[in-house]
Amino acid sequence: MARPGAGYEAAVPPRPACTYTSCYCEENVWKLCDYIKSQDRFPLEEFYAVFISNDRRMIPLWKQKSGHGDEPVVWDYHVILLHVSSGEQNFIYDLDTVLPFPCPFDVYSVEAFRLDDSLRPEFHRKIRMIRADLYLKTFASDRSHMKDANGKWQKPPPPYPCIETADSKMNLDDFISMNPEVGWGSVFSLSDFVHRFGSQTDYSYSLEGH
């Protein structure tokens, strides 16, 4: 298995030391962004929260801890952190993968994303990228999506208070939505995302939130 490049310094602690709650990937990534901001060792604008979903909210990902063998896990959405590095390659931070943490972008792409070409159209994946500083300012979740019809938790919530902003207590759906007219950041097809940030990429490319 390829390991992070010798010259690359991880932006967050080793996986066991990161704030993590199973099935709350959007908050796990928010906490990673918050840690990077607090340490002030890397420019925050190099990091992006990356939401993976589609209109049907059925997206397969491989190499997930909850998977079995080489079978994909089909999530309604998943969230990872992208570091657009100044080095030779970019890196993905995914607290739910069995791949390295951080993982070189090209390794994650081949092992976890694979290609949409071999999937039925309803499983094709889209990407919403939100710059980390914008994500920290705008994201809010009251965790109501994790309660069943009787108000019971489907999965235990994180131990810290809900993340909210002055404007919102719950806007998770705006981030999961792959409608470019909604929410923050920029929306791509998976193939466009891989083409932009894989090793053949021009690293001068930048994204601005709107």
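- A heavy-atom distance below 4.5 Å is found between the side chains of Lys63 and Arg114.
- Each of Ile52 and Val74 belongs to its own hydrophobic cluster when Ile, Leu, Val, Met, Phe, Trp and Tyr are linked at side-chain heavy-atom distances under 4.5 angstrom.
- The shortest side-chain heavy-atom distance between Cys103 and Thr97 does not fall under the 4.5 Å cut-off.
- Within the 4.5 Å cutoff, side-chain heavy atoms of Leu136 are placed close to those of Asp34.
- More than 12 heavy atoms of other residues, nucleotides or ligands sit less than 6.0 Å from atom NZ of Lys65.
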- Message: Using the rule given for side chain to side chain contact (heavy atoms under 4.5 Å, CB included), can you reason through Phe105 versus Ser85, listing the C-alpha separation, both sets of side-chain angles and the distance that settles it, and then say yes or no?
- Response: CA-CA 10 Å; Phe105 186 99; Ser85 165; over 6 Å; no

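- Ring planes of His83 and Tyr8: tilted class, angle from 30 to 60°.
- By the 4.0 Å N-to-carboxylate-O rule, Asp116 lies close enough to Arg125 to be salt-bridged with it.
- Within the structure, every pair that satisfies the side-chain hydrogen bond (donor to acceptor under 3.5 Å, both in side chains) test and touches residues 10-21, not counting sequence neighbours, is listed here: Tyr20-Asp96.
- Note on Ile130 and Met170: same hydrophobic cluster, where clusters join Ile, Leu, Val, Met, Phe, Trp and Tyr whose side-chain heavy atoms are under 4.5 Å apart, directly or indirectly.
- Atoms CD1 and CD1, on Ile80 and Ile127 in that order, are 6.5 Å from each other to the nearest 0.5 Å.
- Only one option out of Asp106, Val50, Asn90, Asp192 pairs with Phe197 in a side-chain contact (heavy atoms from CB on, under 4.5 Å); it is Asn90.
- Here the closest non-hydrogen pair linking Pro104 and Gln89 is CB-OE1, 3.1 Å.
- Taking 4.5 Å as the limit, some side-chain heavy atom of Pro157 sits within range of a side-chain heavy atom of Tyr24.
- Contact detail for Ser66 and Val73: the closest heavy-atom pair is OG-CG2, 3.6 Å.
- With respect to Asp174 and Arg128, no salt bridge is recorded, no charged nitrogen being found less than 4.0 Å from a carboxylate O.
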- Task: Please test Leu81 against Cys33 for side chain to side chain contact (heavy atoms under 4.5 Å, CB included), starting from the C-alpha separation and ending with a verdict.
- Result: CA-CA 8 Å; Leu81 183 71; Cys33 294; 3.7 Å; yes

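- Applying the side-chain hydrogen bond (donor to acceptor under 3.5 Å, both in side chains) test to Glu122 and every residue at least two apart in sequence or in another chain returns Arg120.
- Ring-plane geometry between Phe42 and Phe47 is classed as perpendicular, the angle between the planes exceeding 60 degrees on a 0 to 90 degree scale with a lower cut at 30.
- One side chain, Ser144 or Asp142, offers a donor N or O that lies under 3.5 Å from an acceptor on the other.
- For residues 20-32, the salt bridge (charged side-chain N to carboxylate O under 4.0 Å, His left out) pairs, not counting sequence neighbours, are Glu27-Arg143.
- Atom CH2 of Trp30 is separated from atom OG1 of Thr138 by 10.5 Å, given to the nearest 0.5 angstrom.
- Heavy-atom minimum distance, Phe101 versus Pro13: CE2-O, 3.6 Å.
- Atom NZ of residue Lys126 and atom CG of residue Asp55 lie 4.5 Å apart, to the nearest 0.5 angstrom.
- How far CG of Asp133 is from NZ of Lys37: 8.0 Å, rounded to the nearest 0.5 Å.
- Judged by distance alone, with hydrogens and angles left aside, the side-chain atoms of Asn150 form no donor-acceptor pair with the main-chain N or O of Lys152 at under 3.5 Å.
- Looking at every heavy atom in both residues, Val12 comes nearest to Cys18 through CG2-SG, 4.1 Å.
- Residues in residues 144-178 take part in these ring-ring contact (aromatic ring centres under 6.0 Å, His included) pairs, two or more places apart or across chains: Phe51-Phe175, Tyr135-Phe175, Phe139-Phe175, Phe175-Trp184.
- Note that the CG atom of Asp117 and the OG atom of Ser191 stand 8.0 Å from one another [nearest 0.5 Å].
- Connection of Phe123 to Trp75 is not established within any shared hydrophobic cluster, with ILVMFWY side chains joined at heavy-atom distances below 4.5 Å, either directly or through further cluster members.
- One hydrophobic cluster holds both Leu95 and Tyr35 under the rule that ILVMFWY side chains link at heavy-atom gaps under 4.5 Å.
- Atom-to-atom distance recorded for Lys155:NZ and Met146:CE is 7.0 Å, nearest 0.5 angstrom.
- Considering every non-hydrogen atom in both Leu61 and His78, the closest pair reads CD1-CD2, 3.5 Å.
- The hydrophobic cluster containing Val79 also contains Val187, counting ILVMFWY residues as joined when their side-chain heavy atoms lie under 4.5 angstrom apart, directly or transitively.
- One N or O on the side chain of Asn54 and one on the backbone of His124 form a donor-acceptor pair closer than 3.5 Å.
- Every residue two or more places apart in sequence or in another chain was checked for a side-chain hydrogen bond (donor to acceptor under 3.5 Å, both in side chains) with Ser168, and none qualifies.
- Within the 4.5 Å cutoff, side-chain heavy atoms of Gln64 are placed close to those of Asp94.
- The shortest heavy-atom contact between Ala10 and Tyr93 is CA-OH, 3.5 Å.
- With sequence neighbours left out, the side-chain contact (heavy atoms from CB on, under 4.5 Å) criterion links Asp76 to Arg57.
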